[in-house]
Protein chains: 2
Amino acid sequence: MRDIFISAGGRLLADWQQVCPEGAVFKESAALNADVGQALIWLHVNAGNTESMLADVAGLLGRFAQARVLVLANAPDTNEAVAAFQQGAAGYCHAYSSADVLGEVRRVVQLGGVWLGPEVLQRLITVGRTMVGSSQTKINATLDQLTPREREVALKAAEGLSNKLIARELDITERTVKAHLTAIFERLAIRDRLQLALMLNDRQG
Amino acid sequence: MRDIFISAGGRLLADWQQVCPEGAVFKESAALNADVGQALIWLHVNAGNTESMLADVAGLLGRFAQARVLVLANAPDTNEAVAAFQQGAAGYCHAYSSADVLGEVRRVVQLGGVWLGPEVLQRLITVGRTMVGSSQTKINATLDQLTPREREVALKAAEGLSNKLIARELDITERTVKAHLTAIFERLAIRDRLQLALMLNDRQG
DNA sequence: AAAAATATTGTACCAAGGTACTAGACCCCG
DNA sequence: CGGGGTCTAGTACCTTGGTACAATATTTTT
């Protein structure tokens with residue numbers, strides 16, 4: 001996917017060039033004549049001119065159906081961002097974002113995603129916040145299904161300890177460790193200790 | 001809105017049942033014959049089979065225009081999530097999510113929304129970038145020590161797949177999988193696949 | 001062109017994980 | 001007191017994971 005950078009100033013942003021060393025640069029969207037195909041167009045806009053930005057986005061998308069347009073704003077504004085997305089932009093971010101961020105944005109957009117900055121997200125998403133922090137709750141809910149002794153065994157197994165080591169630490173035989181594990185696997189409906197590790201170590205929601 | 005649960009294993013997840021006590025369970029998407037109308041279809045998928053998941057999602061959406069499809073992944077993967085959304089899924093979350101989370105997901109989707117998990121969110125949010133980015137970098141640094149083929153094997157092993165399954169998916173013999181794993185263990189200076197899973201799944205930052 | 005890395009597979013073997021069936025000791029509750 | 005859950009553990013057995021000691025073909029690097 002080609003990268004095309006459009007900036008009124010025509011000046012190339014250093015970080016952008018780092019992300020897209022092969023990218024082409026234009027001074028204005030009108031300068032794009034030939035069909036660009038599946039290009040990724042980075043539209044660098046100045047503050048306070050939402051109207052012309054929207055017109056540019058609409059124009060580009062109209063002329064190049066296969067292209068995706070990303071807006072780089074010198075002074076990002078949530079309202080402007082929402083407007084850009086309504087117009088069909090695939091992303092809207094700070095023009096002076098670091099190369100890391102720009103790379104990530106590019107990746108997301110290339111994968112067909114829409115990149116949303118934090119402010120825009122908060123505006124669009126009402127849920128989430130509470131949910132994000134609830135993974136610990138999930139783990140506890142999992143552990144609550146187990147007896148105290150099973151919990152001890154489960155945690156040690158999820159840390160990667162062998163049955164022999166668990167047995168030594170809990171001062172029981174290896175056979176008993178196996179017995180607990182069998183009970184754990186059945187109760188949690190999983191196959192083996194690796195699945196257990198995934199359940200207990202995965203901090204995702 | 002009816003809830004329909006599809007799992008290859010046909011096993012009902014306890015938390016899911018709690019959220020959808022009235023839900024129907026099927027072993028495979030093909031088992032859904034009659035039109036389900038405005039149903040909410042929970043598609044439980046195993047790790048590492050993105051293709052078949054996407055096919056399932058596409059098939060379901062094609063057959064039941066009014067239905068919404070939610071993907072429950074045993075081993076969530078951001079790329080897979082993005083792919084699922086591209087295919088038209090209304091949500092993608094961890095199969096072992098707690099009932100609380102599942103209920104919230106259900107609510108959002110029923111209201112016509114698209115549910116984005118924290119991992120996908122964090123991928124999109126710049127704020128979480130520093131933290132998430134560092135651990136991601138760490139993981140990448142780990143993976144960079146491996147050859148391309150070894151990376152594939154390592155990731156699948158870390159997801160909990162058995163050698164047999166990995167072999168099948170990569171279309172090589174189980175012996176070769178073992179050879180790669182032995183090389184991986186030596187290079188990363190770890191003992192077994194569980195340690196590998198801990199290394200690659202640790203998203204603490 | 002030679003050397004090194006990568007990818008593949010074989011046979012054999014041992015250790016570890018996990019299951020089946022069983023069972024005694026202990027504790028709590030109705 | 002008896003039933004049920006918990007913790008413990010034995011023997012036996014099977015499966016999976018991992019290593020040792022190979023070999024061959026392809027690609028990449030030097």
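When reading the values below, keep in mind they use all heavy atoms of this one structure, side chains included, and skip hydrogens, waters and symmetry mates. Residue numbers begin at 1 in each chain, while the letters A, B, ... track the order of the sequences.
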Minimum heavy-atom distance [X]-[Y], with the two atoms named:
X	Y	answer
A/Leu194	B/Ala197	CD1-CB, 3.5 Å
B/Val45	B/Met53	CG1-CG, 3.6 Å
A/Ala95	A/His44	CB-NE2, 3.5 Å
B/Ala73	B/Tyr92	CB-OH, 3.5 Å
B/Leu181	B/Ala157	CD2-CB, 4.1 Å

| message | Using a 3.5 Å limit on both distances, find every run of at least three consecutive Watson-Crick or G-U pairs that involves DNA chain D. | response |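 Stems (3+ consecutive pairs) listed as C:1-30 with D:1-30.
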| said: Parallel, tilted or perpendicular: which one describes the rings of B/Trp42 and B/Trp16, with boundaries at 30° and 60°? | reply: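 The arrangement is perpendicular - the two ring planes meet at more than 60°.
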| query | Looking for any heavy atom pair under 4.0 Å, which part of the strands does B/Thr176 touch: base, sugar-phosphate only, or nothing? | reply |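 If one applies the 4.0 Å heavy-atom cut-off, B/Thr176 turns out to touch a base.
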| Which parts of nucleotides 11-26 of chain C does protein reach within less than 4.0 Å, heavy atoms only, written one letter per nucleotide 5' to 3' as B for base, S for sugar-phosphate only and - for none? | B-----BBBBB-----
| B/Arg106 (side chain) donor-acceptor with B/Leu40 (main chain) under 3.5 angstrom |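 No; judged by distance alone, with no hydrogens or angles, the pair does not exist.
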| query | Does A/Asp192 reach the main-chain N or O of A/Gln195 with its side chain, forming a donor-acceptor pair under 3.5 Å? | reply |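 Yes; at least one donor-acceptor contact below 3.5 Å.
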| Could you give the CD1-to-P distance, from B/Ile184 to C/dA7, as a whole number of Å? |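 From B/Ile184 CD1 to C/dA7 P: 10 Å.
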| query | According to a strict under-4.0 Å criterion, is B/Thr147 in side-chain N/O contact with OP1 or OP2 of C/dA7? | reply |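 Checking C/dA7 against B/Thr147, a side-chain N or O does come within under 4.0 Å of OP1 or OP2.
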| field | Residue from A/Arg175, A/Arg193, A/His180 passing side-chain hydrogen bond (donor to acceptor under 3.5 Å, both in side chains) with A/Asn163 | value |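 Running side-chain hydrogen bond (donor to acceptor under 3.5 Å, both in side chains) over A/Arg175, A/Arg193, A/His180 with A/Asn163 returns exactly one hit, A/Arg193.
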| said: For a 4.0 angstrom threshold against heavy atoms of chain A, report the outermost contacting nucleotides of DNA chain D in 5' to 3' order. | reply: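 For DNA chain D, the relevant span reads D/dT6 to D/dT11.
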| request: Please lay out, stage by stage, how B/Glu152 and B/Arg149 fare under the test salt bridge (charged side-chain N to carboxylate O under 4.0 Å, His left out). | output: CA-CA 5 Å; B/Glu152 292 184 76; B/Arg149 201 55 162 168; 3.1 Å; yes
